[in-house]
Amino acid sequence: PWHTSWELQKVMDDDGGNNELVESFVEGQASWGDTSHAKSICLQEGEYEFIISDPYGDGICCLHGEGHYNVTSSNGALIAEGGEFRSSETTAFSIPFVPTPPAV
């Protein structure tokens with residue numbers, strides 16, 4: 001986890017070239033293993049992207065433990081989750097957040 005970073009960006013246009021950085025967690029701020037990190041961020045209505053990155057290309061699961069992440073809304077609805085990615089993973093979402101209904 002010490003080499004993992006993430007960014008939360010507000011999408012300003014369709015091509016993503018002018019996204020506004022809302023919050024970030026940069027490589028080296030995390031400790032090594034068995035540590036939980038939480039961050040509360042109040043967001044305005046709009047389109048957002050959560051981007052998690054790992055320059056070593058092994059994500060946060062499973063070569064060195066069972067790391068994972070989740071992004072939730074203020075009422076606890078799951079927006080994004082994961083851990084098994086290579087170099088990066090991006091999840092787009094909107095505020096107000098409307099959860100996708102479960103598949104039947």
Side-chain angles (χ1 to χ4, degrees):
W2 61 271
H3 56 265
T4 303
S5 59
W6 60 259
E7 291 184 350
L8 180 63
Q9 299 180 358
K10 184 168 186 179
V11 178
M12 304 305 284
D13 56 35
D14 290 338
D15 68 6
N18 294 317
N19 287 358
E20 176 184 318
L21 181 64
V22 175
E23 188 70 55
S24 65
F25 184 87
V26 296
E27 178 180 345
Q29 288 181 332
S31 57
W32 185 258
D34 294 329
T35 304
S36 179
H37 298 273
K39 180 82 174 180
S40 293
I41 305 167
C42 185
L43 301 175
Q44 299 174 344
E45 287 190 12
E47 305 294 317
Y48 292 87
E49 288 183 342
F50 175 77
I51 304 152
I52 187 165
S53 303
D54 177 359
Y56 288 91
D58 59 0
I60 55 176
C61 176
C62 297
L63 295 176
H64 304 287
E66 296 295 324
H68 68 277
Y69 72 89
N70 62 50
V71 178
T72 58
S73 68
S74 60
N75 66 1
L78 185 64
I79 294 172
E81 68 178 338
E84 293 187 54
F85 60 91
R86 293 285 188 198
S87 296
S88 69
E89 185 169 81
T90 301
T91 301
F93 63 96
S94 299
I95 299 294
F97 178 69
V98 179
T100 305
V104 178

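Only heavy atoms go into these numbers, but all of them, side chains included; no hydrogens, no water, no symmetry mates. Throughout, numbering of the chain's residues begins at 1 and tracks the sequence.
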Test item: Thr4 and Ser53 side chains (from C-beta on) under 4.5 Å apart, heavy atoms
no
Where is the tightest heavy-atom contact between Glu23 and Trp6, given as atom of each residue plus distance?
CG-CH2, 3.6 Å
So, do Leu8 and Ile51 sit near enough that their side-chain heavy atoms are less than 4.5 Å apart?
no
Could you give the distance from CE (Met12) to CG (Asn18), rounded to the nearest 0.5 Å?
8.0 Å
Do you know which two heavy atoms are closest between Glu89 and Gly82, and how far apart they sit?
OE1-CA, 4.2 Å
Any chance you could measure Ser87, atom OG, to Asp54, atom CG, to the nearest 0.5 Å?
7.0 Å
Are Phe50 and Phe25 in one and the same hydrophobic cluster, where Ile, Leu, Val, Met, Phe, Trp and Tyr link if side-chain heavy atoms are under 4.5 Å apart?
yes
Passes side-chain contact (heavy atoms from CB on, under 4.5 Å), Tyr48 versus Val71? Steps please.
CA-CA 12 Å; Tyr48 292 87; Val71 178; over 6 Å; no
Verify same cluster id: Leu21, Ile41 (apolar side-chain graph, 4.5 Å):
no
Which atom of Glu49 lies closest to which atom of Val11, heavy atoms considered
CG-CG2, 3.8 Å
Please give me the minimum heavy-atom distance between Ile79 and Ser73, naming the atom from each residue.
CD1-N, 3.8 Å
In short, Asn70 meets Leu78 closest at the heavy-atom pair CB-CD1, 3.9 Å
Between Val22 and Lys10, which heavy-atom pair has the shortest distance, and what is it?
CG2-N, 3.7 Å
Out of curiosity, Ser74 OG to Leu43 CG, how far, rounded to the nearest 0.5 Å?
9.5 Å
Measure the OG-CD distance between Ser24 and Glu7 for me, rounded to the nearest 0.5 Å.
6.0 Å
